Each structure stands twice: as C-alpha cells, then as structure tokens.
K.L.:
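Just passing along the structure, written as structure tokens.
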Amino acid sequence: MQSMHTAKAIQYEPGGDTLRIRTVEAAPQAAPAMRDVQLALDAAGFLVAVQFDGEPARPRIALGPASAVASWVPARVLAMESGEVLVTMAAKRVRGGERSPYVPWAIYPATP
C-alpha cells in the first residue's frame, strides 16, 4: 500500500530554477538520490502531486486535490535526506516561480 503525504510548504529558488517541497510527514532518506516520478499537473500547469514511480514504499506527495489533476508528466526529482523533494526546471515544468493555488507560499526564510 502506498503512503500519502501532504505538502505543507514550497519554495521556488530562482537561482537554480528549483521548487523545494516540504511535507508534513517528511520521511528521511538514507542519502540524497535522483528518483523517477510522475508530476500531476492541473489544467493551468500547476503542480498538484508527485507520484514516485516503481517504488510502492515511496509516498505520493499531494499538494492539491486529486480532482484538480488534468495531466501527468514524467520527470526526475532529487529526494533529499530530510525528506524534502526538489523539482528542477520548475518554472517551465510546474510554474514554480508563480504562487501555487494549493500550498502556502514561501514559508522558508529568504536566502540572501
């Protein structure tokens, strides 16, 4: 059975064009690793969920409701030791530089 985690915060990092996703129930990793995923997008192209491929023990991370999903796009993400997930090329892929309609915006402190 697959676990479901809820995103509690996201942060777009323009320098690396990366969207960092922090979950409520972050499950730490042994080490950072690239993972194959499916990105669920809504009709406007915003990220709704991240589904880890071929790993039933890996969670599905929900940012929004399943009813908002309009399409799925294959991608690779970096799963961090802290349990956070980083989506690269985020501006084009998931409208990362824009305010998400699903998750509180930029909860993390700004970096100089």
Side-chain angles (χ1 to χ4, degrees):
M1 181 175 197
Q2 186 176 44
S3 60
M4 175 77 76
H5 296 291
T6 304
K8 73 173 182 178
I10 59 175
Q11 178 186 14
Y12 178 67
E13 298 169 350
D17 190 19
T18 302
L19 185 69
R20 181 180 297 269
I21 304 167
R22 177 183 282 180
T23 65
V24 174
E25 319 83 353
Q29 296 268 104
M34 296 300 293
R35 301 283 188 219
D36 291 321
V37 298
Q38 296 287 323
L39 302 176
L41 306 177
D42 69 8
F46 286 100
L47 185 63
V48 178
V50 178
Q51 172 68 56
F52 286 80
D53 288 350
E55 298 181 52
R58 294 294 303 157
R60 175 176 178 186
I61 300 171
L63 284 76
S67 60
V69 176
S71 64
W72 292 87
V73 178
R76 287 185 60 81
V77 298
L78 181 60
M80 302 298 290
E81 291 173 332
S82 64
E84 295 176 330
V85 173
L86 279 65
V87 178
T88 58
M89 297 183 295
K92 184 175 181 179
R93 282 182 170 170
V94 297
R95 299 181 71 169
E98 301 175 48
R99 182 177 297 274
S100 169
Y102 306 110
V103 179
W105 183 249
I107 299 255
Y108 299 175
T111 53

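Because the structure is a prediction, the values reported are computed rather than measured.
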K.L.:
Which heavy atom of Ala70 sits nearest to which heavy atom of Ala43, and what is that distance?
P.N.:
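Residues Ala70 and Ala43, closest heavy atoms: CB-N, 3.5 Å.
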
K.L.:
Which atoms form the tightest heavy-atom contact between Ala44 and Asp42, and what is the distance?
P.N.:
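Nearest pair, atom of Ala44 first, then Asp42: N-OD1, 3.0 Å.
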
K.L.:
I need the single residue from Leu78, Val77, Val37 that forms a side chain to side chain contact (heavy atoms under 4.5 Å, CB included) with Val85. Which is it?
P.N.:
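Of the listed options, the one satisfying the test is Val77.
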
K.L.:
Which heavy-atom pair separates Ala68 from Tyr102 by the least distance, and what is that distance?
P.N.:
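Of all heavy-atom pairs spanning Ala68 and Tyr102, the closest is CB-OH, 3.5 Å.
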
K.L.:
Establish whether Met89 and Ile10 are linked, either directly or via other cluster members, by ILVMFWY side-chain heavy-atom contacts under 4.5 Å.
P.N.:
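Looking at the clustering, Ile10 is in a separate group from Met89.
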
K.L.:
Quick check: does any side chain N or O of Arg93 sit under 3.5 Å from a backbone N or O of Ala75, one acting as donor and the other as acceptor?
P.N.:
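Not at all, since once roles are kept as given, no pair shorter than 3.5 Å links the two residues.
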
K.L.:
How close do Tyr12 and Gly97 get, counting heavy atoms only, and between which atoms?
P.N.:
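In this case the closest contact between Tyr12 and Gly97 is CD2-CA, 3.5 Å.
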
K.L.:
With rounding to the nearest 0.5 angstrom, report the OG to CD distance, Ser100 to Gln11.
P.N.:
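So the gap between those two atoms works out to 13.5 Å.
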
K.L.:
Got a donor-acceptor contact below 3.5 angstrom from the Asp17 side chain to the Ala91 backbone?
P.N.:
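Confirmed, Asp17 side chain pairs with Ala91 backbone.
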
K.L.:
To check you understand the geometry: which heavy-atom pair defines the closest contact between Ala7 and Val103, and what is its length?
P.N.:
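Looking at all heavy atoms of both residues, the closest pair is CB-CG2, 4.1 Å.
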
K.L.:
Please name the pair of heavy atoms, one in Arg35 and one in Ala79, separated by the smallest distance, quoted to 0.1 Å.
P.N.:
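Heavy-atom minimum between the residues: CG-CB, 4.0 Å.
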
K.L.:
Starting from Leu41, can I reach Trp72 by hopping between I/L/V/M/F/W/Y residues whose side chains sit under 4.5 Å apart?
P.N.:
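Yes, same cluster.
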
K.L.:
Is there a side-chain contact between Leu47 and Ile21 (heavy atoms, below 4.5 Å)?
P.N.:
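Result yes, sub-4.5 Å side-chain heavy-atom pair found.
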
K.L.:
May I ask you to test the Ile61-Leu63 pair for a side-chain heavy-atom distance under 4.5 Å?
P.N.:
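The answer is yes; the side chains approach within 4.5 Å.
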
K.L.:
Any salt bridge (charged side-chain N to carboxylate O under 4.0 Å, His left out) involving residues 64-80? Give me the pairs, sequence neighbours left out, ordered by first then second residue.
P.N.:
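Sorted pair list: Asp36-Arg76.
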
